[in-house]
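Computed over heavy atoms, backbone and side chain alike; hydrogens, waters and symmetry mates excluded. Quick note on labels: first sequence line is chain A, next is B, and so on, each numbered from 1.
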4 protein chains.
Amino acid sequence: MSPAAGAAHGPARTGRTAATKQRLFEAAMELIGQRGADGVTVDEIAAAAGVAKGTVYYNFGSKNELVEQLLRHGMSLLMERLSNGGASPSSDPLDDVRGEIERALGFIAEYPAFVRLWLGEQWRADGAWQGLLTEMRAEVLAVIEAGVRRVAADRPLRARVTPGGVAVALFGAAFVTGMDRAAYHRSRSLDEASEAVFSLVLGTLEPGSGR
Amino acid sequence: MSPAAGAAHGPARTGRTAATKQRLFEAAMELIGQRGADGVTVDEIAAAAGVAKGTVYYNFGSKNELVEQLLRHGMSLLMERLSNGGASPSSDPLDDVRGEIERALGFIAEYPAFVRLWLGEQWRADGAWQGLLTEMRAEVLAVIEAGVRRVAADRPLRARVTPGGVAVALFGAAFVTGMDRAAYHRSRSLDEASEAVFSLVLGTLEPGSGR
Amino acid sequence: MSPAAGAAHGPARTGRTAATKQRLFEAAMELIGQRGADGVTVDEIAAAAGVAKGTVYYNFGSKNELVEQLLRHGMSLLMERLSNGGASPSSDPLDDVRGEIERALGFIAEYPAFVRLWLGEQWRADGAWQGLLTEMRAEVLAVIEAGVRRVAADRPLRARVTPGGVAVALFGAAFVTGMDRAAYHRSRSLDEASEAVFSLVLGTLEPGSGR
Amino acid sequence: MSPAAGAAHGPARTGRTAATKQRLFEAAMELIGQRGADGVTVDEIAAAAGVAKGTVYYNFGSKNELVEQLLRHGMSLLMERLSNGGASPSSDPLDDVRGEIERALGFIAEYPAFVRLWLGEQWRADGAWQGLLTEMRAEVLAVIEAGVRRVAADRPLRARVTPGGVAVALFGAAFVTGMDRAAYHRSRSLDEASEAVFSLVLGTLEPGSGR
DNA sequence: TATGAATGAGCGTTCATTCAT
DNA sequence: GATGAATGAACGCTCATTCAT
């Protein structure tokens with residue numbers, strides 16, 4: 001029975017296995033982030049990690065499972081980052097949202113490979129990870145929407161503007177802005193980028209309701 | 001010599017070829033939009049169009065060329081839609097931008113397959129269409145940025161907000177909102193969706209500068 | 001019923017057909033001589049001749065038939081050349097053989113494409129033209145052997161040397177020398193080349209038996 | 001990473017691979033020798049060797065590479081045979097050349113498949129192995145020409161006869177004679193065949209200069 | 001734990017041939 | 001006579017997966 005069967009990616013059994021898995025993880029994230037899951041072969045991943053092909057299967061069971069763990073791992077990093085490690089909320093929810101946006105953009109700059117993988121698969125209708133991707137989207141949108149609702153608790157939203165709709169738009173604005181920075185001009189400063197995204201939040205408020 | 005050599009995708013020579021190309025085009029757009037270019041085989045496209053596999057190659061020369069023509073065709077439809085068929089600008093640029101957003105969302109609802117194909121390939125670093133995709137992105141961003149600049153000509157933008165940064169964020173907000181509507185809840189009304197996206201534009205303006 | 005059915009390549013029916021066939025013939029000989037029968041497509045031949053693909057089939061019935069006519073045609077040219085148009089033999093058969101060698105080398109220089117096609121297919125064990133090629137080989141060897149026998153009628157051959165064996169060796173020496181000249185150094189003069197090949201004939205004679 | 005990358009054709013790593021490669025080598029040589037490289041499919045080679053198609057690619061990387069290794073391998077056998085395993089030269093260079101001819105004919109009788117492959121590709125103008133074939137031709141001609149020069153060192157050549165020209169003619173005479181024996185009448189004795197080819201050498205000498 | 005030789009289903013592409021016009 | 005759109009069998013090649021070691 002291979003250890004891949006029930007093994008989550010928690011603390012691995014022995015040091016040797018853990019190191020191998022880690023190397024495979026990093027190599028896979030880098031390659032798949034650059035060329036998409038379909039565009040990378042198991043051979044390449046193994047070679048990049050410096051192990052034999054069979055080792056990938058020994059550790060992950062299948063290419064699909066490897067990608068799935070990649071997605072889960074990246075997602076947990078993102079959620080951790082968005083929640084700011086459990087820091088207490090500031091006095092103005094608007095500041096919290098601004099912080100969230102900045103942290104999201106920072107995360108994208110740090111893990112562009114994961115985000116590219118995620119967005120690249122997100123819109124497929126058939127992927128093997130359809131369920132997981134739907135979960136991920138829901139989880140992120142929930143966090144964003146919560147932030148929007150906290151803002152809306154203090155200040156009225158404009159007519160026809162709903163927290164759910166704003167959350168989706170905010171998600172798109174932030175992630176496309178982040179990927180664009182990563183792909184085309186890192187020159188666009190984090191400040192300029194986050195200010196543009198933050199505009200979306202400001203624009204949802206009734207004129208004259210603070211700020 | 002096959003018509004694929006050097007053939008633009010204008011109206012084809014004879015009625016027979018034109019009809020076959022059209023059927024292939026539609027079948028390919030549908031399938032590739034759903035499952036991505038890599039996820040669809042030429043066999044499937046041919047079968048869906050009701051022709052032999054060789055006919056795909058007779059008409060398009062290669063799978064890559066077919067996808068490229070799909071992208072170009074969709075792009076020309078989008079640009080046409082965004083430009084509103086050359087309608088004259090209204091008195092307030094803000095109304096023009098709102099109209100653009102609504103038309104973009106309408107386009108996405110109408111051609112979700114094309115948009116899925118586009119966004120699905122956009123973030124790959126290696127695609128065979130890298131050059132084309134970069135062009136497409138630039139073209140759309142140019143149109144959006146022009147709209148933002150027209151708005152900013154009348155009203156001051158907030159500090160640290162630039163038309164270029166806003167254009168990218170707007171692009172992300174609109175297209176992700178549109179895809180989300182297509183994929184998850186068409187229930188979210190066009191109105192709610194476009195209002196959320198439009199907030200981004202409003203939020204870029206100095207408070208008190210009109211509207 | 002297509003005219004290809006019973007049509008030899010004699011004088012064609014009408015001028016139009018004759019011209020088309022001729023153009024196809026020349027284009028095919030050139031291309032196939034350069035790249036081998038397998039390496040050339042019917043599309044290429046048609047394009048080089050400036051006609052549609054279907055026209056090749058209308059005129060020749062199949063690619064195989066076209067190649068076969070190419071071989072037959074080249075063979076008839078070669079036999080004509082070797083026989084010197086029926087010129088009467090000279091007083092010394094050795095001069096006749098030398099003349100044959102020179103004419104063979106001249107022919108190869110003139111029709112390298114045909115010779116390349118011929119030699120390229122000659123050694124295959126399965127070709128569609130196996131029978132034809134065997135005939136061709138026999139026909140040429142018969143002519144060569146006849147020349148050798150006429151020489152041997154006047155002068156004794158060395159021990160263990162047979163006209164048949166010499167004919168084959170002469171065939172090889174002449175055609176490889178000719179192809180080599182065509183492919184690598186046309187610089188090697190016809191004189192040098194034919195002198196080398198002619199040595200084979202001289203060497204078959206008992207020392208001191210003339211020349 | 002497959003062993004095909006950069007792998008010379010020396011004795012392979014493990015016994016398993018070596019055996020598989022050997023079986024593929026033999027099957028490929030036989031089939032390709034009979035029907036030409038174009039005429040044989042990878043499927044057929046794999047089936048003849050009793051392995052899966054993928055195994056051919058695992059071991060050789062491509063069909064082209066397989067053929068190239070076939071050519072190189074045959075060539076090294078031929079050169080070894082021609083050089084007589086480094087045996088010391090006899091007192092008369094003429095005897096050495098006669099020996100070379102006999103060994104060449106013996107080689108052809110032993111490895112007709114290789115020679116058929118070689119000659120079948122030799123005259124193509126486009127082959128993927130053009131460079132290799134040119135090298136092979138040069139290498140063999142160099143050996144032959146060296147023998148001719150050694151003969152010519154003792155005895156004057158006839159006027160207008162050059163070692164280079166003789167080498168090419170000798171090459172043609174020997175290989176066509178050898179192939180002819182293999183293809184049509186093994187009955188023609190080795191003695192008769194080599195005597196005919198050897199005549200070429202004798203005929204290059206000034207009459208009365210020995211032998 | 002890890003390896004890597006072997007597999008085989010499936011892919012994109014080619015091309016001789018057909019046939020309605 | 002000639003055309004060219006359409007065909008489909010067959011090809012070279014890829015790659016996720018298996019398994020004996």
Exercise answer: donor-acceptor pairs, residues 33-40 of chain A side-chain atoms, under 3.5 Å, sequence neighbours excluded:
| unit_1 | atom_1 | unit_2 | atom_2 | d |
| --- | --- | --- | --- | --- |
| A/Q34 | NE2 | A/E30 | OE2 | 2.6 |
| A/R35 | NH2 | A/E44 | OE1 | 2.8 |
| A/R35 | NH2 | A/E44 | OE2 | 2.5 |

Exercise for review: List the steps and the verdict of side-chain contact (heavy atoms from CB on, under 4.5 Å) for A/V42 and A/L66.
Suggested key: CA-CA 10 Å; A/V42 173; A/L66 168 55; over 6 Å; no

Point to revise | Atom-to-atom span, CD of B/E65 to C1' of E/dG12 - whole angstrom | key: 15 Å

Point to revise | Interatomic distance where CD1 belongs to D/I45 and C1' belongs to E/dA6 [whole Å] | key: 17 Å

Practice item. To the nearest 0.5 angstrom, please state how far the CD atom of C/E26 sits from the CD1 atom of C/I45. Key: 13.5 Å

Review point. Can a donor-acceptor pair under 3.5 Å be found between the side-chain atoms of D/K53 and the base atoms of E/dT7?
Key: no

**Study point:** Residue list, side-chain contact (heavy atoms from CB on, under 4.5 Å) with D/M29, at least two apart or on another chain
**Key:** D/L70, D/A113, D/F114

Review point. Sequence neighbours excluded, which residues qualify as side-chain contact (heavy atoms from CB on, under 4.5 Å) partners of D/A49?
Key: D/R23, D/L24, D/A27, D/V51

Exercise for review: Rounded off to whole Å, could you give me the CZ-to-C1' distance for the A/F60 and E/dT1 pair?
Suggested key: 14 Å

Review point. In residues 30-44 of chain B, which ones come under 4.0 Å of DNA chain F, going by heavy atoms?
Key: none

Study note, to complete from the structure: To the nearest angstrom, the CZ-P distance between D/R23 and E/dA6 comes to 8 Å

Check your understanding: Rounded to the Å, how far apart are B/Y57 OH and F/dG8 P?
Key -> 16 Å

**Study point:** Nearest-angstrom distance from the residue atom NZ of D/K63 to C1' of F/dT14
**Key:** 17 Å

Review point. Does D/N64 or B/T55 map to a spot on DNA chain F nearer the 5' end, using the closest nucleotide for each?
Key: B/T55

**Study point:** Short side-chain N/O contact from B/S62 to OP1 or OP2 of E/dG12, under 4.0 Å
**Key:** no

**Study point:** Test side chain to side chain donor-acceptor pair (under 3.5 Å) applied to D/K53 - qualifying residues, sequence neighbours left out
**Key:** D/D43

Check your understanding: For A/L66 and F/dT17, what is the distance between atoms CG and P respectively, to the nearest whole Å?
Key -> 11 Å

Study note, to complete from the structure: Sequence neighbours excluded, the answer for side chain to side chain donor-acceptor pair (under 3.5 Å) partners of A/E135 is none

Exercise for review: Please state the C1' separation for the pair F/dT21 and E/dT1 - nearest whole angstrom.
Suggested key: 13 Å

Practice item. On DNA chain F, check which nucleotide each of B/V56 and D/G54 is closest to and give me the residue with the more 5' one. Key: B/V56

**Study point:** Pairing annotation in dot-bracket form, given for DNA chain E with Watson-Crick or G-U pairs under 3.5 Å and | for cross-strand partners
**Key:** .||||||||||||||||||||

Practice item. Using atom CG of C/N59 as one end and atom P of F/dG4 as the other, report the distance to the nearest whole Å. Key: 15 Å

Study note, to complete from the structure: Taken in chain and number order and not counting sequence neighbours, the residues that satisfy side-chain contact (heavy atoms from CB on, under 4.5 Å) with C/S62 are C/N64, C/E65

**Study point:** Residues forming a side chain to side chain donor-acceptor pair (under 3.5 Å) with D/Q130, sequence neighbours excluded
**Key:** none

